[in-house]
Amino acid sequence: MKTRTMIAALAALIITPMNATAQQEWSPEDANLCCTSIMVAKNASTDGSVITSHTCDGSYRTWMQMVPASDHKDGEMENIYGGRMHTMSATDSTKMTVKGQIPQVKHTYRFLDTAYPCLNEKQLAIGETTYGGRKEMKNPKGLFTIEELERIVLERCTTARQAIRLMGELIKKYGYGDDGECLTIADKNEVWIFEVQGEGNKKIGGVWAAVRIPDDEIGVSANISRIGKLDLNDTDRYMASDNVFDVAKQMKLWDGKEEFSFWKAYSGGNYMNEKKNYSVRELYILSQLAPSLNLTDAIEDMPVSIKPDKKVSAQDVMRLLASYYEGTDKNLSGRHIVPNPKKKDKDGNIVESEPDSIVSPFSNPWMLGDEIKMYYAMGDSTMKNIRTVSVSWCSYSTVIQLRSWLPDEVGGVAWIALDNPGESPRFPIFAGNTTVPSLLSVCGQGCERDDAALWHYRKANRLATVRWGNMRKFLEPARDHFIKKSVTEMPFVEKTYQELATGDQEKATNFLNEYSYDFFGATISRWDDLTHRFWRMSSNGF
């Protein structure tokens, strides 16, 4: 996720920020606005799904649409845009620019157009995180931003390998003009991690590398360059731009003698100014999935992927993207300790069975900087923010399953949550959907509006955060209800779709559209009810 907005407003979230190096332009403040992606290869998942995911953390557009497949005439050109990340609807062109054009292809595929386009009709899916990279690598004159590369490959490609090769060709010809970015690109058989930067401020081009996650492993990317060594003789596992080594030597980022490491050359370390290719989120998620490895922060070069102790489900990924380190010493919501009011009965007598102190119901995982500073100023030195996986300023997040044994239309499904993934429910949009609910067609950023889906979740979520210790007892079971619903109902959806498709494809497509609408509508209704409940619970004040 790019840090183009909100940095000033959220910089206070880190109590003791550390300065980035002269070469690394990112800092702890930037990481607050950034994304997390978990990848699961097919033999590492519980059902054979390939999974990629994304938390779009920051104030980015929340409208989405299904862009239909289309045929084009010879000689047509396709516009490449800038500024689509902050528009209010598909028809809004405010502050958008046409940066250039490329030749159109004869046929483009249907795809789900989110701020970072994420899924097409052929079960090609993409997650994203920004790692910033070295500032001397960036050249804004390059034609492509990362989100436009995502859009083009979803229109034109059917596999992850094909998408990576096409992006490489486009970058070489037209230039990459964005920050250092990671895409987690998956199809129904493979998932890859792809990292890219500019070629330096004097040349329009780009440098990139991609590594396939082995079939029995999982990977994590969270705003830090993760790719290390490149064995380009192993074409089954590695891909890279033809200049990946030469540029590093020319810019004196690699001496050509020691073993080449992509992250060491083109990033240098994490946003905490440490010479590592990971930080808290990567270590936490990998440790949750493979506790037997006993991973610690003493490691310099964390593997791009690991084999989990047990197979991972899409629901496991949903829960990890919702996490805030509960049960560990990094959990901010567990640090605000107050005297237990139940320690004494109504007559003032000590109740021995009650603990002396409890976690304050006001304590929550997503406290803003001024709250943390207040507790810190009062002498609570433990109240320091650590960037959690789920954050309250998330625009939307996706967990995308891709399944080779099912028809593409129902095999590919994006489980989407708007607002904080630690609080919000998820609903499905299938690769075979041709429309999305109307409440998803309007962005909810910038102002409260009931015609935007975002606010139907955000209202309840913000009220719950005020007294998290009390409100979570209602919100979390509601959130988890929809995770369970996704498990119990999918076999029925898959079976019904296939039965309908054998006789009438239009009926099968309508069934998927209607199922998504009904599931989405149920989440909206439940969160509207929670909003009313929380207001009633707060009638005497917060």
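From a predicted model like this one, the values you see are computed outputs, not experimental measurements.
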Checking side-chain contact (heavy atoms from CB on, under 4.5 Å) for the pair Ile164/Ile185: CA distance, chi angles, key distance, verdict?
-> CA-CA 8 Å; Ile164 291 166; Ile185 309 173; 3.8 Å; yes
Give the minimum heavy-atom separation between [X] and [Y], together with the two atoms involved.
{"X": "Thr184", "Y": "Ser221", "value": "CG2-CB, 4.5 Å"}
{"X": "Ala163", "Y": "Leu124", "value": "CB-CD2, 4.2 Å"}
{"X": "Arg156", "Y": "Ile102", "value": "NH2-CD1, 3.6 Å"}
{"X": "Thr465", "Y": "Glu423", "value": "OG1-OE2, 3.0 Å"}
{"X": "Arg110", "Y": "Asn433", "value": "NE-O, 3.2 Å"}
{"X": "Tyr109", "Y": "Leu154", "value": "CB-O, 3.8 Å"}

Centroid-centroid distance, Trp366 to Trp393, less than 6.0 Å | no
Would a line drawn from the ring center of Phe482 to the ring center of Phe427 be shorter than 6.0 Å?
-> no
So Asp316 and Ser313, side-chain hydrogen bond (donor to acceptor under 3.5 Å, both in side chains) or not? Walk me through it.
-> CA-CA 5 Å; Asp316 293 330; Ser313 69; 3.1 Å; yes
Any side-chain heavy atom of [X] sitting closer than 4.5 Å to one from [Y]?
{"X": "Trp63", "Y": "Thr114", "answer": "no"}
{"X": "Asp47", "Y": "Gln401", "answer": "yes"}
{"X": "Ser390", "Y": "Thr55", "answer": "no"}
{"X": "Met85", "Y": "Tyr116", "answer": "yes"}
{"X": "Arg403", "Y": "Met490", "answer": "yes"}
{"X": "Leu512", "Y": "Val493", "answer": "yes"}
{"X": "Leu418", "Y": "Met64", "answer": "yes"}
{"X": "Met167", "Y": "Gln162", "answer": "no"}

Given [options], the one that forms side chain to side chain contact (heavy atoms under 4.5 Å, CB included) with [X]:
{"X": "Ile218", "options": "Leu289, Val191, Ile38", "answer": "Leu289"}
{"X": "Gln123", "options": "Leu402, Asn189, Thr159", "answer": "Leu402"}
{"X": "Leu454", "options": "Asp419, Leu439, Val442", "answer": "Asp419"}

If you draw a 6.0 Å radius around NZ in Lys330, do more than 12 non-hydrogen atoms from other residues or ligands fall strictly inside?
-> no
Can Thr36 and Arg281 be said to form a side-chain hydrogen bond (donor to acceptor under 3.5 Å, both in side chains), step by step?
-> CA-CA 8 Å; Thr36 305; Arg281 279 174 286 160; 2.9 Å; yes
Main chain of [Y], side chain of [X]: is a donor-acceptor contact present, judged purely on distance under 3.5 Å?
{"X": "Arg61", "Y": "Arg84", "result": "yes"}
{"X": "Ser424", "Y": "Pro421", "result": "no"}
{"X": "Ser53", "Y": "Val399", "result": "no"}
{"X": "Ser395", "Y": "Gly58", "result": "yes"}
{"X": "Trp455", "Y": "Gly444", "result": "yes"}
{"X": "Arg226", "Y": "Pro303", "result": "yes"}
{"X": "Asn120", "Y": "Cys157", "result": "yes"}
{"X": "Arg462", "Y": "Ser392", "result": "yes"}
{"X": "Asp179", "Y": "Gly133", "result": "no"}
{"X": "Asn270", "Y": "Asn277", "result": "no"}

For [Y], is there an ion pair with [X] - N to carboxylate O distance below 4.0 angstrom?
{"X": "Glu217", "Y": "Arg212", "result": "no"}
{"X": "Lys459", "Y": "Asp450", "result": "yes"}
{"X": "Lys122", "Y": "Asp187", "result": "no"}
{"X": "Asp113", "Y": "Arg151", "result": "no"}
{"X": "Arg387", "Y": "Asp57", "result": "yes"}
{"X": "Glu190", "Y": "Arg161", "result": "yes"}

Nearest 0.5 angstrom please: [X] [atom1] to [Y] [atom2], how far?
{"X": "Ile227", "Y": "Cys182", "atom1": "CD1", "atom2": "SG", "result": "6.5 Å"}
{"X": "Tyr174", "Y": "Ile152", "atom1": "OH", "atom2": "CD1", "result": "10.0 Å"}
{"X": "Cys443", "Y": "Asp92", "atom1": "SG", "atom2": "CG", "result": "9.0 Å"}
{"X": "Met302", "Y": "Leu283", "atom1": "CE", "atom2": "CG", "result": "5.0 Å"}
{"X": "Leu530", "Y": "Leu463", "atom1": "CG", "atom2": "CG", "result": "10.0 Å"}

Row check, Phe519 ring normal vs Lys485 NZ/CZ: under 6.0 Å, within 45° | yes
May I have the step-by-step check of side-chain contact (heavy atoms from CB on, under 4.5 Å) for Val207 and Phe262, ending in yes or no?
-> CA-CA 10 Å; Val207 179; Phe262 188 89; 4.2 Å; yes
Verdict with reasoning, Thr130 to Glu128, per side-chain hydrogen bond (donor to acceptor under 3.5 Å, both in side chains) | CA-CA 7 Å; Thr130 305; Glu128 177 272 347; 2.9 Å; yes
Can you find a side-chain donor-acceptor pair between Gln197 and Tyr131 that sits under 3.5 Å?
-> yes
Kindly indicate, with the supporting measurements, whether the criterion side-chain hydrogen bond (donor to acceptor under 3.5 Å, both in side chains) is fulfilled by Glu326 and Tyr324.
-> CA-CA 6 Å; Glu326 190 168 27; Tyr324 49 83; 3.2 Å; yes
Residue pair Lys484, Glu489: steps toward the salt bridge (charged side-chain N to carboxylate O under 4.0 Å, His left out) verdict = CA-CA 9 Å; Lys484 294 173 186 175; Glu489 294 184 0; over 6 Å; no
How far apart are the C-alpha atoms of Met66 and Thr435, what are their side-chain angles, what is the distance that settles it, and do they pass the side-chain contact (heavy atoms from CB on, under 4.5 Å) test?
-> CA-CA 6 Å; Met66 293 299 299; Thr435 63; 5.9 Å; no
Might you work through the side-chain contact (heavy atoms from CB on, under 4.5 Å) test for Ser486 and Trp415, ending with a clear yes or no?
-> CA-CA 9 Å; Ser486 72; Trp415 294 99; 3.3 Å; yes
